[in-house]
Structure formats: C-alpha cells, structure tokens
Amino acid sequence: MSKKFTGPKGTRDFLPYHMETRDRIVEMIKEVFKLYGCYPWDGPAFEYLETLTRKSGEEVSNEIYVFKDKSGRELGLRFELTASIARMIASNPSLKKPIKGFSIGKVWRYENPQQGRYREFLQMDADIFGANNMLCEVELLDMAKNILGRIGFDDYCIQLNNRKILAAQVRCAGIDQEKELDVFRALDKLNKIGPGGVRQEFLNRGMSEKAYEDCMRYIITRGTNQQKIDEMRGLLAKDEKGIEGLNELSQILGYAKEISLDKRIMVDYTLVRGLDYYTGPIFEIQIGKGEQVGSIAGGGRYDQLIELFGGTPTPAVGISFGIERIIDLVESNPVLSERYKGNPPLLLVIYLSPELSGHAFRITEAVRQAGLSADIDLAMRSFKKQIQYANEKGYPYVLFVGEDEIRNDSYGLKDMKTGEQEVLRIERVIERLKAVGRPA
RNA sequence: GUGGGCGUAGCUCAGUUGGUUAGAGCAUCAGACUGUGGCUCUGAGGGUCGCGGGUUCGAAUCCCGUCGUCCACCCCA
C-alpha cells in the first residue's frame, strides 16, 4: 500500500453493510412500483448528445458528461432517466397505451458535490404514457406516499404547481415570452431569498423593476390551496391556458382527497423545476422542510416530449426519486438506520478442528439447500476464534461440529443471544432456524 | 464555473514560538485461552503527515500550486 487511490470527485464506494441498506430500500421501492402495475424498463447509460439535450434546459445540459467515441460521434452520459425512456416510447409506437413503467439506474451530473449532491447517483423513475388525465399525476403521487410511508418517513410535503400557470402569469404580466425562463428562475428563489432577492434577480437578468412588480402581483403565497387557486383564477381570468392549469390543479387535489393525500400537498406558485420539457403539472417532494438534502423526488407532465423524439403525440407524466438522498436521510436517522441495516447470515457452522471442516461444510450446504443463509469459517481458525468471530459479527446462531456430534449425528445449536444450546439432528436444526423467520 | 473552511494510521483526533526516531483511543491481527463468545491483560502490523514545489542548517508546522473533502452560490435527486 504505497500509493493511495481515491474515487473520482463526487463518487462514492458502497461497503457491504452500507450496500445492504441500499439494496433493501431499492427493493422496497420496486415492490411499490409493481403494486401499481408498472413494468420495468431501461435504456442505455449513454445516448447521443442531442437526445439528452433535447428540451432539457440549459443548466442541466451544462452538467452532462460529454465524450466522443472512436468514430467521432458525440455522446453523453445520461443525467436523468426520462430522455431514454421517452425516446424508447417514441420508437415503439405499438405499445398498448396507457402504459406504466419504472426504471432504475445510475445517472451522472458534472456539478460541484456537497451534501445530498453527487456526480454519480441512483435514480428511480415511474412514468405513465398515453393518458392525459390528472388521475395519472395523483397515481404517481400515491406511489410516493406509499414508498415514503413504507420506508418510515411520516413528515413529508408535496409542492405542486403547473407550467401552464407559470406561462400565463408571464403573459398576463406583459413580459416578453423570451424572458419567460428568466422569470421562472428568479421566482423559483422566492422562498429562499425573499422578495428583495427576487427583485435583484430580475435586475441581474436584465429585466425592469416594473417587470418585477408586475410579476409579483401574480404570486400568491398565503392561504389554503383552495384559496390560492380561487384567487389565481381571478388574476388569470382572461387567460384560457392559465385557467386550464388551475383546473388541473383542482382535479389533482380532488383525486388526492379521495386517498387522503390532499393534506400533504401545498400549491406553490414559485415551484419551477429546471427541465424545460414540462408542459403541465409539476411537483417536488421534500422530507420535513427539505433542510437536510433538498427534494427527494420530483416530476411532472411532459406531453410534447414523445413528439419531439419523432413519435406520435403521446401524453406523458413521470416522477423521479433520488435514492442517494433517501438513503442519506435513512442513515442519518437512528431508528431508520437500525431498521435497514444489513444482517449477517443466520448461522455459522463451527468445526472443532480443521479435520472436521469437510463434514462441517456438508452440514453448511444442507442448511443452505433449505433456503437459510449459513456460513462456515474459511480461514481454518481455531475453535475459539470461530466462536469469537461469530459473536463479533453478530451471527444469531452457531452450530458445533465435533467428534461426538458426528458420531451421534446430532449437533449443538446455540442461540448466541441467550446462550441456550440444544443438541439436534440436522433436520430439526433446519426446522428450528426456519421458525426464526428472520430475513436472510 | 465562483467564493470560503478543512486534509496527520482503517476511524476520531493530539502534535508547544519550525528542532532528534510523529503519538493516543477505537478498530484490525496474534497470544494468554487446544470443546463454548461478550470481560481483562500482553504484543504486533499499519504513516514518504493528501500530492508537488519553495523558504530554512532543519518543515506535519511557514509560503505557492495542485488534488480531495465540506459549506455557500448555481441548480437539483
């Protein structure tokens, strides 16, 4: 060990114990997706650069890992899962709609790492294609509710807005369409930097004081969701598209009420999201106030993306979960990290002397054949060392294989927690261990 | 990409105004202890002090650069 190597900036190694927590969370989320009839699907980890940059937004495009292959083709690592999936749906028009699917994969973004932000991270998406009803949005949010509930988060909040409303606000404020994105970015910060900061943002982005005043008249931050929607209805009364957006929010809240999810939702007219392909409702989910790692999930409707990839016009909506952030939160919570921490195998088979290791190996195999996780010391260590090892690594049971046991065809099964020990035939050992019913 | 804090053993950290051979606790491995773990005791391994350059008789210590890390901006998962 003369030279030390570190992983590239913003990447992490996952040691066994940590990795098992990850696996268990991922499995749990997969289960929920399947519960809703989502099929798994996946695309390549890299795409032609133009596929990735299509309507993704300037900021995110700057974060793409770009490279050329040997033929000079411009490629990029995916920075999210949606582009590949949308391309896939566009080029397979015969898929029966509506269709739901989920995808899990690492994505890469070239940005400065800090808490909850990495250059390589795992994302899990669920998407629905071929249905433009708001029931889709609520179904995705319901998945999120289920996932967060199962993991053990009970303090989360869903922020909801609609791109149609944002666009209408800009129109009604009489601001040039070209400045639309600048306005969005500035408004996005209201919660963080306050009205004064937003005014400064407007000026920095080359807009007038008046533009700021005009826009702020269309931002409502107080009241219940219903009040916010009603009030905005008045402000945008002449804008057909804006009213459409408000109707969509009402529908979402209506469906959400059916499943008692409406209390979690907060209409937030400053929510923007960075990706440019959204066309309708957009949402972000935070644990608590999001102070620890920011949003842990986000998504929205992107009805025009399939068309952009050369497919027939197909409505689409999706949600994306940030697994690193979810796991960071699980691991920083004492109760949850205990719940999801990895377990050693159920049993360590201990041999009294190296000559008996062959017999012990046979016993181990029998336990494994029965579907129970079992282990045997591979280092040929002393009896004493083996039991010490079992204790330190936390095996709940050990089985002793010695001369006497082999002669009697019965083995000492010891519960490491209570210290109790019984001598049993191997079939009985397996029965006993099966009754423990612990996840292997 | 911009600004700031921090890099000493696997981990958490000591290390005096620059001064011989860089320390502790925990962890790891071995032994005390050859058919029963958790305790205790003893010992061992593990560091070109992130890396490179400079100042100096002499650098873990001061200076510059670089890489990594954390934080803020930006943006988000």
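Note on naming: letters A, B, ... go to the chains in the order of the sequence lines (proteins, then strands), and numbering restarts at 1 for each one.
Here the P atom of nucleotide B/rA27 and the CG atom of A/Leu15 are 18 Å apart, to the nearest Å. The CG-C1' distance, from A/Asp182 to B/rC75, rounds to 15 Å in whole Å. At whole-Å resolution of the value, OH in A/Tyr278 and C1' in B/rC75 are 14 Å apart. Taking atom CD on A/Gln286 and atom P on B/rA77, their separation rounds to 12 Å, with Å as the unit. Regarding A/Glu120, its CD atom lies at a distance of 17 Å from the P atom of B/rA77, rounded to whole Å. In this structure, CD of A/Glu111 is placed 10 Å from P of B/rA77, rounded to the nearest angstrom. Regarding A/Ile25, its CD1 atom lies at a distance of 15 Å from the C1' atom of B/rA77, rounded to whole Å. Between the CG atom of A/Leu271 and the C1' atom of B/rA77 there is a distance of 14 Å, given to the nearest Å.
At a cut-off of 3.5 angstrom, the base of B/rG1 holds at least one donor-acceptor pair with the side chain of A/Asn112. Taking only distance into account, the side chain of A/Arg185 never meets the base of B/rC75 through a donor-acceptor pair shorter than 3.5 Å. For a distance-only test at 3.5 Å, the side chain of A/Gln115 fails to qualify as a donor-acceptor partner of the base of B/rA72. Contact annotation: side chain of A/Arg117 to base of B/rC74, donor-acceptor pair present below 3.5 Å.
Under the salt bridge (Lys or Arg N to Asp or Glu O under 4.0 Å) criterion, A/Lys100 pairs with A/Glu139, sequence neighbours left out. Taking the ring-ring contact (aromatic ring centres under 6.0 Å, His included) definition, one finds that A/Tyr118 meets it with nothing, sequence neighbours left out.
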>> Using a 4.0 Å heavy-atom cut-off to protein, can you give one letter per nucleotide of nucleotides 29-38 of chain B, 5' to 3': B if the base is in contact, S if only the sugar-phosphate is, - if neither?
In response: -SS-B-BBBB
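Listed for the A/Asp188 side chain is no donor-acceptor partner under 3.5 Å among the backbone atoms of A/Leu271. Side-chain atoms of A/Arg119 never come within 3.5 Å of backbone atoms of A/Arg109 as a donor-acceptor pair (strictly under, hydrogens ignored). Under the 3.5 Å distance criterion, the side-chain polar atoms of A/Thr418 are matched with a main-chain donor or acceptor of A/Glu420. The backbone N or O of A/Ser103 sits nowhere less than 3.5 Å from a side-chain atom of A/Asp125 that would complete a donor-acceptor pair. Using a distance-only test at 3.5 Å, with no hydrogens or angles considered, no donor-acceptor pair links the side chain of A/Arg273 to the main chain of A/Tyr278. A distance-only check finds a donor-acceptor pair linking the side chain of A/Lys145 to the backbone of A/Ile259 [under 3.5 Å].
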>> Set out, in order, the CA-CA distance, both residues' side-chain angles and the distance that settles salt bridge (Lys or Arg N to Asp or Glu O under 4.0 Å) for A/Arg78 and A/Glu47, then state yes or no.
In response: CA-CA 7 Å; A/Arg78 63 182 175 195; A/Glu47 292 274 358; over 6 Å; no
Pairs under 3.5 angstrom only: tabulate donor-acceptor contacts from the side chains of residues 390-401 of chain A to other protein residues two or more places apart or in another chain.
{"unit_1": "A/Lys393", "atom_1": "NZ", "unit_2": "A/Tyr389", "atom_2": "OH", "d": "3.3"}
{"unit_1": "A/Tyr395", "atom_1": "OH", "unit_2": "A/Asp375", "atom_2": "OD2", "d": "2.6"}

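Between the side chains of A/Thr279 and A/Gln304, not a single donor N or O lies within less than 3.5 Å of an accepting N or O.
Taking atom C1' in both B/rA14 and B/rA72, one finds a spacing of 31 Å when rounded to whole Å. As rounded to the nearest Å, B/rG25 and B/rU21 have P atoms that lie 23 Å from one another. One P atom belongs to B/rA59, the other to B/rG19, and the distance between them is 11 Å to the nearest Å. When the P atom is compared between B/rA77 and B/rU40, the two are found 50 Å apart, to the nearest whole Å. For the P atom pair drawn from B/rG7 and B/rG50, the interatomic distance equals 9 Å after rounding to whole Å. Using atom P as the reference point in both B/rU56 and B/rU61, the two lie 16 Å apart (nearest Å). Comparing the C1' positions of B/rG46 and B/rC29 gives a spacing of 11 Å, expressed to the nearest Å. Taking atom C1' in both B/rG10 and B/rG47, one finds a spacing of 12 Å when rounded to whole Å.
Among the protein residues, A/Ala297 comes within range of the sugar-phosphate backbone only, with heavy atoms under 4.0 Å from sugar or phosphate atoms but none that close to a base. Across all strands shown, A/Gly10 has heavy atoms under 4.0 Å from sugar-phosphate atoms exclusively, and none from any base. In this structure, A/Lys189 reaches the sugar-phosphate backbone alone: every heavy-atom distance under 4.0 Å involves primed, P, OP1 or OP2 atoms, never a base.
Summarising the geometry of A/Gly242 relative to A/Ala168, their closest heavy-atom pair is CA-CB, 3.5 Å, with the distance given to 0.1 Å.
Using cut-offs of 30° and 60° for the angle between ring planes, the A/Tyr302 and A/Phe129 rings count as perpendicular.
Of the two residues contacting RNA chain B, namely A/Glu80 and A/Tyr110, the nearest-nucleotide position lying further toward the 5' end is that of A/Tyr110. Nearest-nucleotide mapping onto RNA chain B: of A/Lys9 and A/Gln114, the residue sitting toward the 5' end is A/Lys9.
Across residues 316-326 of chain A, A/Gly322, A/Arg325 each have a non-hydrogen atom less than 4.0 Å from an atom of RNA chain B (numbered order).
Atom CG of A/Asp13 sits in a sparse spot, with 12 or fewer heavy atoms from other residues, nucleotides or ligands closer than 6.0 Å.
Dashed line: the shortest gap from a side-chain N or O of A/Arg273 to OP1 or OP2 of B/rA77 is under 4.0 Å.
RNA chain B contains the following stems of three or more consecutive Watson-Crick or G-U pairs, with both distances under 3.5 Å: B:1-7 with B:67-73, B:10-13 with B:23-26, B:28-32 with B:40-44, B:50-54 with B:62-66.
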